[in-house]
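The next block holds one structure in the form of structure tokens; read it before the comments.
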Amino acid sequence: MRKLAPLLLSCLILVSSYAQIDKQLKMATWKIGKEKIIYENKITRLEGENKWGATNVGYERYEQIISEIEKDAEREMWTPEKKAETLETYKESASGGRVSLYIMRLTIDGANTDMFTVIIRDSTDKNEIYRKELKSSVPETPSTSTGNYWWNYSTVHIPNAMKGKIFIYVIDKLGRDNAKFKFEINI
């Protein structure tokens, strides 16, 4: 049970973060070479077009995550034990921050997160810091706000602290000619 607690806690926090998706993250009209401010961090799209849907990323620094946890703990009147356990879980799993991935695709399979890999590289763009092949998550159904597109959202916790410029790559296994998306962030 002790080993399961951090996993369950992370799942609960992930579910609560769905309501907190930054509006800019959901915008499909993000062109190559353009900057956006998402979760208070400046991100530049360097490669990969939003042709048939969207592939967008956001980034939250570790300090932002901790601030969010502190606010949740206060608002929801967490026990000191729950707060301490949650903070420790994030210290171990997300001291490098959190990358958010928002995708929209025309098919349910295309929007399933198991079709995506997130790669973080250092400021030289040569050394890989972290790689995560996402697990399956059934997409949300199309709605009036997403048109005919299925959509999905996922977060990737980066376990090691980072500073300076990083590059985030999103690989779409079904993307064919538009399979690699590249973003730059200065932390």
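Here the structure is a predicted model, which is why all the values come from computation and not from measurement.
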- prompt: CD of Gln24 to OH of Tyr102: how many Å apart, nearest 0.5 Å?
  reply: 12.5 Å
- line: CD1 of Ile103 to OG1 of Thr113, rounded to nearest 0.5 Å, is 6.5 Å
task: Report yes if some heavy atom in the side chain of Tyr130 is under 4.5 Å from a heavy atom in the side chain of Val156; otherwise report no.
output: yes
- request: Give a yes or no on this: more than 12 heavy atoms of other residues, nucleotides or ligands lie within 6.0 Å of atom CG of Asn148.
  value: no
- request: Verify the distance criterion only: is there a donor paired with an acceptor across the side chains of Tyr59 and Ser100 at less than 3.5 Å?
  value: no
message: Exactly one of Ile65, Ile66, Asp72 should register a side chain to side chain contact (heavy atoms under 4.5 Å, CB included) with Glu68. Which one does?
response: Asp72
Within one Ile-Leu-Val-Met-Phe-Trp-Tyr cluster: Tyr62 and Leu87, side-chain cutoff 4.5 Å: yes
- request: Taking the side chain as every heavy atom from C-beta outward, state whether Asn50 and Thr29 have any pair of such atoms under 4.5 Å apart.
  value: no
query: Just by modelled atom types, is the Asn112 backbone N or O under 3.5 Å from a matching donor or acceptor in the Asn152 side chain?
result: no
message: Nearest 0.5 angstrom please: Thr44 OG1 to Ile32 CD1, how far?
response: 12.5 Å
field: Lys/Arg N to Asp/Glu carboxylate O, Glu88 vs Lys83, below 4.0 Å
entry: no
message: Just verifying a value: how many Å separate Trp151 CH2 and Ile108 CD1, rounded to the nearest 0.5 Å?
response: 13.0 Å
task: Step through the shown structure and confirm whether more than 12 heavy atoms of other residues, nucleotides or ligands are within 6.0 Å of CD on Glu40.
output: no
task: Would you give the length of the straight line joining atom CG of Asp22 to atom CD1 of Ile38, rounded to the nearest 0.5 angstrom?
output: 6.0 Å
field: Side-chain ion pair, Asp172 and Arg105, N-O less than 4.0 Å
entry: yes
- request: Compute whether any side-chain donor of one residue and acceptor of the other, for Arg121 and Asn127, lie under 3.5 angstrom apart.
  value: no
task: Decide if atom NZ of Lys180 counts as having more than 12 heavy atoms of other residues, nucleotides or ligands within a radius under 6.0 Å.
output: no
- request: Verify the neighbour count for atom NZ of Lys182: are there more than 12 heavy atoms of other residues, nucleotides or ligands below 6.0 Å?
  value: yes
- prompt: So, are Lys42 and Glu184 salt-bridged, with charged N and O less than 4.0 Å apart?
  reply: no
query: Is there side-chain contact between Arg131 and Val118, with heavy atoms separated by less than 4.5 Å?
result: no
message: We want to know whether Arg45 and Asn56 form a side-chain donor-acceptor pair, criterion being a heavy-atom distance below 3.5 angstrom.
response: yes
field: Residue pair Arg98 / Ile158, side-chain heavy-atom distance below 4.5 Å
entry: no
- prompt: In terms of side-chain heavy atoms, does Asp122 have a donor or acceptor partner in Thr124 at a distance below 3.5 Å?
  reply: yes
task: State, with a plain yes or no, whether a side-chain heavy atom of Glu128 is found less than 4.5 Å away from one of Ile120.
output: no
- prompt: Given the rule in the ring pair (Phe, Tyr, Trp, His ring centres under 6.0 Å) test, do Phe183 and Trp30 qualify, once you have shown the distances and angles that lead to the verdict?
  reply: CA-CA 11 Å; Phe183 303 86; Trp30 189 357; 5.3 Å; yes
- prompt: Between the side chain of Ser67 and the main-chain N/O of Glu63, is any donor-acceptor distance below 3.5 Å?
  reply: no
message: Would you say CD of Glu76 has more than 12 non-hydrogen atoms from neighbouring residues, nucleotides or ligands within 6.0 angstrom?
response: yes
field: Met104 side chain reached by Trp52 side chain, heavy atoms, under 4.5 Å
entry: no
- request: Could you grab the distance from atom CD1 of Ile185 to atom CZ of Arg61, nearest 0.5 Å is fine?
  value: 11.0 Å
query: Can you find a heavy atom in the side chain of Thr117 that is under 4.5 Å from one in the side chain of Lys173?
result: yes
message: Between Asp125 and Lys165, is there a side-chain heavy-atom distance shorter than 4.5 Å?
response: no
